[in-house]
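Could you have a look at this structure, given as structure tokens, before my questions?
Both backbone and side-chain heavy atoms feed into the values below; hydrogens, waters and symmetry mates do not. Not measured: the values here are computed from a predicted model. Counting starts at 1 for both ligands and their atoms, in listed order.
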Amino acid sequence: MSFIRPVAIFIMGVSGVGKSTIGNLLSAQLSMPFFDGDDYHSQKSINKMAQGHPLNDDDRYEWLTNLNNVAKIQLKTNACIIACSALKETYRETLKRDIEKDVKWVLLSGSFDEILDRIKQRKGHYMPPSLLKSQFETLEIPVDALKIDIVQTPQKIAKKIVEELTDKSEFGLIGLGVMGKSLARNLASHNFKLSIFNRHVHGLEENVAIDFKNKHPELFDSIPFDDLQTFVKSLQTPRKIMLMVNAGKPVDAVIESLIPLLSKNDVIIDGGNSHYKNTQERIDLLSKHGICFIGAGVSGGEEGALNGPSIMPGGDERAYKMVKPFLETIAAKNNNGNACCDYIGKGGSGHFVKMVHNGIEYAEMQLLAETYFILKRSGKNPDEIAVVFESWMPHVASYLLEITIDILRKKENNHWLIDKVLDTSGNKGTGNWATIATAELGMPSTMIPAALFARYVSAFKEERIKISEAYFSESTQLTIETSDLLKAYQLARIVNHHQGFKLLYQASVTYNWDLNLSSIASIWTNGCIIRSLFMEALIDILKESNTILLNPSIISEIITLRPALNRVVAECVLEEIPIPCLSEAVNFLNAYKEANSSANLIQAQRDYFGAHTYQRIDDDSGTFYHTNWKHQTND
Ligand code: 6PG
């Protein structure tokens, strides 16, 4: 009977429920020190209660802070048990300050009459029975506590608590694919006690969990399963289960099998790339069973999942609080040491944010592919291109630029491997969803579709070969300055990020998510695929406005960079080099900076053939006009 890391067990509940008795019994059974909260009140508070007056929040603050300090000191070396009524959520916030992941709550509860009887029999205690009513009124039942009814004997209660906290796991993970395995190892290396599950598929997936456990020493205390029912039973309540299975039907199938096995207040986290609308549907379905569902975007690939991913959790905020210590502990840390994980918002917002992350990722990757292609067509070999990219690092450092340099330098039998890679790119769907979302929300985030469609064009390899023969034209060497190319790339990235964050902003307004764009930028500064120097700058920029293009320092940067972007795009067009994202950046900027656009003609055409009406610039009353455009009048 032991814990794999020191924990502070808070035995809580109203006065007279038996906290001290249970605390002492547990202390003996677990050989852990016990601290009775009653001993930590100030004399002033004791006098107040003895006179029949309940304590207020201010009276309690110092007391709770003292108990938090007791726990902190103990946790440095060993586990401990603390009895404290901890009636309100805010009191518990104080008690677990800075030690959240190592705190366990046990709520003792019973009926008013039963507890009143006990209090009346209690001798020498300063708390008069008359205060019990106010204790019941103040109690806010915690969701994240082991709940024990005091009808059983103290010995049985203590035994149950010991079994629950020492034998059972704190966190369950379902699905041991690449990402699931890395997350499990990450959790275990932070000393969380885990249950890990992978299904049994005869001849295909056999003994996956046990073999995985045996391969990695950090999983020594983890419990492997291929039977779902025993897996669920192995978890402390309320249960926290993370799904790392493929998005779509597999997620629904696992949820369906879990529903009959779970209880009220249990939390399921979907850590896959699920569609945000599916996440909302799953929240609705599970809430009918009292089960909480968190849709969490997880970025960073295999390495990020192992060493610290960026995590974007959305759903019910109270449910998030229950899984927060786990997710924030395993997440990457930003420059200030804060977790790259924070509550995103209600419903499917976490998965929406991850989808937009991937949309930005698509365009960032495409921009690098275009600059690589331009440098290649300027006569540079992969090593020379890597040297150019490396020289850009001080200006545009990013994870994607770093990995691109590695890719360009990779050789196989003395040949650059990149030259052997077939030029058709795949996708798993998130770029497609982001494109649909931007269209549905009426946001012109045009670089995501441009990047997506560039991948689609690449897929038509055979047709491209035929068309290149039919339309053959002599390819000449490009004469683009690398300094111009850097500026073009910098500016296109600004446009990409502007569009991505605008898409988030619009979704936030439409779905009432109240997204904090600056905090999302901060979550994206480490662990994820689109982490970059620019993302770090966006944390402050987005605090001021959701429109990156209107930030004064960005405006002056754009004014400096724009001529270079225009030159690069113009030369590429003349030389027939495909640059969908760079040119989209030019077109978007041109369109956005046009105070009087060509859309007047579109409105007139719509009114002509469909009587869709139009507004006039010489009438600001908001009136809509319809004209019979066919018959010219001279009035
Ligand atoms: C991440 C990645 C990850 C995955 C994408 C790739 O943030 O870790 O975005 O989620 O690599 O799904 O998507 P495509 O296969 O569509 O390029």
Protein residue, atom and distance nearest to atom 16 (O) of ligand 1, heavy-atom basis: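 Nearest neighbour among protein heavy atoms for atom 16 (O) of ligand 1, to 0.1 Å: Y362 OH, 2.4 Å.
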Atoms of ligand 1 less than 4.0 Å from K428 heavy atoms?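 Here the atoms of ligand 1 in question are 14 (P), 15 (O), 16 (O).
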G301 neighbourhood, listing ligand 1 atoms whose heavy-atom distance to it stays under 4.0 Å: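 With G301 as reference, the close atoms of ligand 1 come out as 8 (O).
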Quick note on ligand 1: atoms under 4.0 Å from a heavy atom of N358 include exactly 5 (C), 7 (O), 9 (O), 10 (O), 12 (O)
Hey, which atoms in ligand 1 end up nearer than 4.0 Å to a heavy atom of H357? 7 (O)
Give me the residue, atom name and distance of the protein heavy atom closest to atom 2 (C) of ligand 1. E361 OE1, 3.4 Å
Here's one to test your reading of the geometry: is the NZ or CZ of K502 within 45 degrees of the ring axis of Y505 and under 6.0 Å from its centre?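 Yes, a cation-pi geometry holds between K502 and Y505.
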Heavy-atom contacts with R455 under 4.0 Å: which atoms of ligand 1 show up? List them by number with element. 14 (P), 16 (O), 17 (O)
Using 4.0 Å as the upper bound for N to carboxylate O, is an ion pair formed by R318 and D144? no
So, is G300 polar-close to ligand 1, with some N/O to N/O distance under 3.5 Å? yes
Taking all heavy atoms of T446 and all of E584, pick out the closest pair and write down the distance. OG1-OE2, 3.0 Å
shortest atom 4 (C) of ligand 1-to-protein heavy-atom contact is with N273 ND2, 4.4 Å
T371 side chain reached by I579 side chain, heavy atoms, under 4.5 Å: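 Not touching, per the 4.5 Å side-chain cut-off.
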Identify, for atom 7 (O) of ligand 1, the protein heavy atom at the shortest distance, and state residue, atom and that distance.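 Nearest neighbour among protein heavy atoms for atom 7 (O) of ligand 1, to 0.1 Å: S299 OG, 2.5 Å.
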Applying the side chain to side chain contact (heavy atoms under 4.5 Å, CB included) test to N338, which of D342, N336, N335 qualifies?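 For N338, the side chain to side chain contact (heavy atoms under 4.5 Å, CB included) check succeeds only for N336.
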Would you kindly say whether T279 and H351 are connected by a side-chain donor-acceptor distance under 3.5 Å? yes
Check this for me: does any side-chain nitrogen of one of K249 and D252 sit under 4.0 Å from a carboxylate oxygen of the other?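 The answer is no: the pair does not qualify as a salt bridge.
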Please list, chain by chain and in numerical order, all residues satisfying salt bridge (charged side-chain N to carboxylate O under 4.0 Å, His left out) with D514, sequence neighbours excluded.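 Salt bridge (charged side-chain N to carboxylate O under 4.0 Å, His left out) check on D514 returns nothing, list empty.
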Will you find, in the side chains of S532 and S398, an N or O donor that is under 3.5 Å from an N or O acceptor?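 Per modelled atom types, S532 and S398 side chains form no pair under 3.5 Å.
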Numbered atoms and elements of ligand 1 in range of I529, under 4.0 angstrom, heavy atoms: 1 (C), 2 (C), 7 (O), 8 (O)
K354 near ligand 1 by a heavy-atom separation under 4.0 Å: yes
Per-atom contacts, ligand 1 versus N427 - under 4.0 Å to a heavy atom: 14 (P), 15 (O), 16 (O)
